[in-house]
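As the structure lists them, so they are numbered: ligands from 1, and atoms in each ligand from 1. A quick note: this is a predicted structure, and the numbers were derived from the prediction, not measured.
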Amino acid sequence: MVLISPVQGQVKQGVYVITLDNPPVNAISISVRRGLISAVNDFEQSNAQVAVLVGSNGTFIAGADIHEFARTSDGPVLLDVVRVIENCKKPIVAALQGAVLGGGLEVALACDARIAHVDTVIGLPEVSLGIIPGAGGTQLLPRRIGISRAIDIICGAQRLSAEEAKHLRLVDSVVCSDILVAANLFARNIEHKSSVRDELVPNEDPALIDQAINRYTKLGRCRPAIAKAIDLIQAAARLPIEEGLVLESAAFLELRKSQEAQALRHLFFAEKTCRKPPQTKEVAPIPINTVCVIGAGTMGTGIAICLLDAEFSVMLLEQDKEALDKGEERIFSHYQKQVETGKLSPVEASKCLSHLLCSLNWEELAKADLVIEAVYEDMLVKQDVFKKIDQFANPNAILATNTSYLSVDKIALATTRPKRVIGLHFFSPANVMKLLEIVNAKQTCLETLHAVIAFGNRLNKYPVVTKDSFGFIGNRIYNAYRTQCEFMLEDGAWPEEVDAALVDFGMAMGPFTVADLSGLDIAWRMRKTQRKNQETRYVDILDTLCELGRFGRKTSAGYYDYTNGKKQANTSELVRQIIENASQRRRIKRRTLNSKHIQNRALLSMVNEAALLMREGVAQRASDIDVVFVHGYGFPRWQGGPVFWARQQDRQQLQSDIAGLAEHGGNSFVLADISILFESSP
Ligand code: CAA
């Protein structure tokens, strides 16, 4: 079998055109690296005086092939390719379009000139994969644009437009026409080599550099790749380029095998996978253009804003005029703030708002392709609303309920079209949070599911599909985690110790800070609806706090006392007393729990529940659970998610540690066989 190289070279009208074709995004795999070196050598031998390097598939190069990072690759590395391009005696012009990311930008910077289509996206996003640019990015970029801007672009994983890149002199020209034709014309006027590596890092006010460093190291939560990138970018001003490149290569190889980089790679693919619909037969698409949101509360208006941002036509429907006016006001003031803070131009904000219609008239519902109910979290209320929606909505419309716990199957039964009913669990604030749980109920048809996954993608969210089951994926696991943290209060820890240990692990907030922020009364109301049996270890601290009117931040008191405009959380002696009383009632001798112990119990409880819901088929893939926790619950990205964390542990030890949880959990603890988390792929 003859293998065709993904890189081809051909002289066309006196210009040597090197075409890179490695779908879908022309990632630089080993065969691309070999192909590029061979094509540049061929060009040197040819009669052509100038070459153009262009990518097929509407894109230049999206970087190194991330699949290869887990393997040790032989053959030339990307830096070898960069050197061959730089050392080529004749000039090479990079014709940029689509993605010019990571190694793609490094290859482009090695060329003698860059011409970009106006839609090109340019950047060095390696730190988001836990690594640094490994083929000269940290040394070449500061030579061209200065240290502070290089820190911003590399450490902030910024993606620049072609115009921004031109402004920074990263590209020489921006065109709206066919990039190959434009690059060919451009190349004909190039006579000399011109190398970024020969430039000197421009002088800069040291204060600007310090400010840039502070932006990425503040709060002391700077990740290793960022720290390394900052060192190397600064070294570019001190060291000859070859010395800088040697340091960069060594750091790249070291970081690439780190656990953090593995976690981030796992998430890179998990995030792509969750966006794909189930592989089945062809499914007739249901277009969604007009969406009606029912309920103008905080959730309803947040959902409306994210729909407006994604350029849907939106109807906000209420039965109560005052509630509708308040909702409308909230949406307007959101866009006003976006303009005031420079996030949107007045024209952009007005464009979003022009797609909004606020109404009390339920007959408007007939125009919607998708109806999203976002009313009070109560089964009877929701069933009533669905009866009414069913009456007014177009017969083909998809009807979605925004619920975090309730059975979508039961809500669907209130309608005459359960196959068109689905759950959409948005996370608050809905216009900010990237997670969307899609609840595929028993009778939901495949067309509805596919349409809603496409809808989630258009909202630029991670649409994770879950079966209809109490708490779906996220709240089911979060409940197990929070319950374990409550056990630890009774066993001897204070809320601030539990919170600090979990923040130390990397969680955005500890569970008791989260509870105070979201309101203890919400959890209290739900607890009252759940039956408790004698066997269950039930911690009633939260109920006691609520009975005292301590609902969290909104009442300036919850697990903590709040001062300074509810911002400062302080230890409460009263809460300590309540916790001690709870321990006494259960006859527990309180003991100190160290940070590691707290972290382990909390994580083990998540892993146990994750394995249970994989076995029950609530989650389709183990990697979906990680996407849910990273994007919905503040799980640290660099730890990869609870399943990734579990897979890093010794499997037998983990299973036995989880069995140990039973001793804290009472007779109702259901022990999972965790092998499913190790064996399922991804
Ligand atoms: N390596 C391997 N596969 C990649 C890839 C890469 N660098 N970038 C994207 N892909 C794959 C995706 O996994 C996806 O594959 P499946 O269809 O099998 O799921 C496919 O390409 C399409 O990707 P998207 O669904 O993300 O398509 P999009 O059009 O929405 O976005 C993109 C395209 C902007 C290129 C986006 O995929 C992206 O940002 N990719 C990552 C770019 C990146 O991080 N590059 C740096 C790599 S590290 C590096 O380059 C270091 C070095 O040089 C030494």
Side-chain angles (χ1 to χ4, degrees), residues 6 20-33 36 55-73 75-83 85 96-110 119-141 153-154 156-161 225 228-229 232 245 248-258 261-262 264-277 279 434 453-454 456-463 621 623 627 637 682:
L20 200 166
D21 184 8
N22 187 26
V25 292
N26 300 334
I28 315 178
S29 58
I30 176 70
S31 53
V32 170
R33 296 198 292 277
L36 276 171
S56 303
N57 315 303
T59 201
F60 184 66
I61 298 170
D65 186 338
I66 299 169
H67 296 98
E68 284 185 355
F69 285 180
R71 311 188 275 267
T72 43
S73 66
V77 294
L78 190 56
L79 189 55
D80 298 328
V81 178
V82 161
R83 287 189 202 285
I85 295 174
L96 311 180
Q97 58 181 335
V100 182
L101 297 170
L105 179 53
E106 292 173 311
V107 167
L109 286 174
D119 290 338
T120 312
V121 176
I122 296 168
L124 291 170
E126 284 87 343
V127 294
S128 51
L129 292 166
I131 53 174
I132 51 158
T138 64
Q139 302 305 296
L140 293 179
L141 199 65
I153 291 175
I154 293 176
Q158 290 179 358
R159 295 185 180 211
L160 308 174
S161 68
K228 203 65 201 165
L232 287 162
L245 290 175
E248 186 196 67
S249 276
F252 170 79
L253 290 174
E254 191 59 36
L255 286 165
R256 192 178 78 163
K257 56 179 198 264
S258 68
Q262 290 173 41
L264 293 168
R265 285 203 294 274
H266 161 76
L267 280 173
F268 176 84
F269 291 115
E271 286 165 354
K272 308 256 171 255
T273 308
C274 81
R275 292 191 136 149
K276 292 180 186 160
Q279 300 257 318
K434 290 282 225 170
I453 293 172
N457 282 326
R458 188 168 149 194
L459 294 181
N460 199 19
K461 298 209 182 275
Y462 297 109
R621 316 170 186 100
S623 63
V627 174
R637 223 185 138 68

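At least one protein heavy atom sits closer than 4.0 Å to atom 45 (N) of ligand 1. Atom 27 (O) of ligand 1 is never approached by the protein to below 4.0 angstrom, counting heavy atoms only. For atom 30 (O) of ligand 1, no protein heavy-atom neighbour is found at a distance under 4.0 Å.
Closest to atom 41 (C) of ligand 1 among all protein heavy atoms lies F268 CE1, 3.5 Å. At the top of the distance list for atom 19 (O) of ligand 1, counting protein heavy atoms only, stands K276 NZ, 2.5 Å. For atom 7 (N) of ligand 1, the closest non-hydrogen atom on the protein side is A64 O, 2.9 Å. Among all protein heavy atoms, the one lying closest to atom 25 (O) of ligand 1 is K272 CD, 3.8 Å. Protein heavy atom in closest approach to atom 1 (N) of ligand 1: I66 N, 3.0 Å.
Contact annotation: for E271 versus ligand 1, there are no heavy atoms closer than 4.0 Å. Contacts between P24 and ligand 1, counted as non-hydrogen atom pairs separated by less than 4.0 Å, involve the side chain only. Counting heavy atoms closer than 4.0 Å to ligand 1, residue A27 contributes side-chain atoms (C-beta onward) but none from N, CA, C or O. With a heavy-atom cut-off of 4.0 Å, V121 does not touch ligand 1 at all. Of all the heavy atoms of R275, none lies under 4.0 Å from any atom of ligand 1, so neither backbone nor side chain is involved.
Taking only nitrogen or oxygen atoms, main chain and side chain alike, A99 does not reach within less than 3.5 Å of ligand 1.
Residue contact check: G63 has heavy atoms under 4.0 Å from atoms 50 (O) of ligand 1. Heavy-atom contacts of V25 reach the following atoms of ligand 1: 4 (C), 5 (C), 8 (N), 9 (C), 10 (N), 21 (O) (cutoff under 4.0 Å). Per-residue contacts place L129 under 4.0 angstrom from the following atoms of ligand 1 (heavy atoms of the residue considered): 44 (O), 47 (C), 48 (S). Every atom of ligand 1 is numbered from 1 in the order shown, and the set under 4.0 Å from a heavy atom of H67 is 2 (C), 3 (N). If you number the atoms of ligand 1 from 1 as listed, the ones under 4.0 Å from a heavy atom of D65 come out as 1 (N), 2 (C). Distances below 4.0 Å separate heavy atoms of R159 from the following atoms of ligand 1: 34 (C), 38 (C), 39 (O). Atoms of ligand 1 found under 4.0 Å from any heavy atom of F252, numbered from 1 in the order shown, are 54 (C). Under a 4.0 Å criterion applied to the non-hydrogen atoms of L78, ligand 1 contributes the atoms 53 (O).
A salt bridge does not link R256 with E68: every distance from a Lys NZ or Arg NE/NH1/NH2 to an Asp or Glu carboxylate oxygen is 4.0 Å or more.
Here the OG1 atom belonging to T138 is positioned 3.5 Å from the CD atom belonging to E248, to the nearest 0.5 angstrom. Atom-to-atom distance recorded for I30:CD1 and L78:CG is 10.5 Å, nearest 0.5 angstrom. In this structure, the separation between OG1 on T273 and CZ on R275 is 11.0 Å, given to the nearest 0.5 Å. For the atom pair CG (L105) and CD1 (I122), the distance works out to 7.0 Å, reported to the nearest 0.5 Å.
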Note to self: Checking L20 against V32 for the side chain to side chain contact (heavy atoms under 4.5 Å, CB included) test, could you report, in this order, the C-alpha distance in whole Å, the side-chain angles of both residues, the deciding distance, and whether it holds?
What the structure shows: CA-CA 8 Å; L20 200 166; V32 170; 4.0 Å; yes

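Side-chain atoms of E106 come within 3.5 Å of backbone atoms of G137 as a donor-acceptor pair (strictly under, hydrogens ignored). A side-chain donor-acceptor contact under 3.5 Å links Q97 to the backbone of G55. At least one donor-acceptor pair closer than 3.5 Å links the side chain of N26 to the backbone N or O of S56. At distances below 3.5 Å, at least one donor-acceptor pair connects side-chain atoms of Q262 with backbone N or O atoms of K257.
At least one side-chain heavy atom of R159 sits under 4.5 Å from a side-chain heavy atom of L101. The shortest distance between side-chain heavy atoms of V107 and I85 falls below 4.5 Å. Between I28 and V81, every side-chain heavy-atom pair lies at or beyond the 4.5 Å cut-off.
Comparing G102, A62, A157 against atom 43 (C) of ligand 1, the shortest heavy-atom distance belongs to A62.
Partner of E271 under the salt bridge (Lys or Arg N to Asp or Glu O under 4.0 Å) criterion, chosen from R621, K276, K434, R637: R637.
Ligand 1 lies within reach of P125, whose nearest heavy atom is under 4.0 Å from it.
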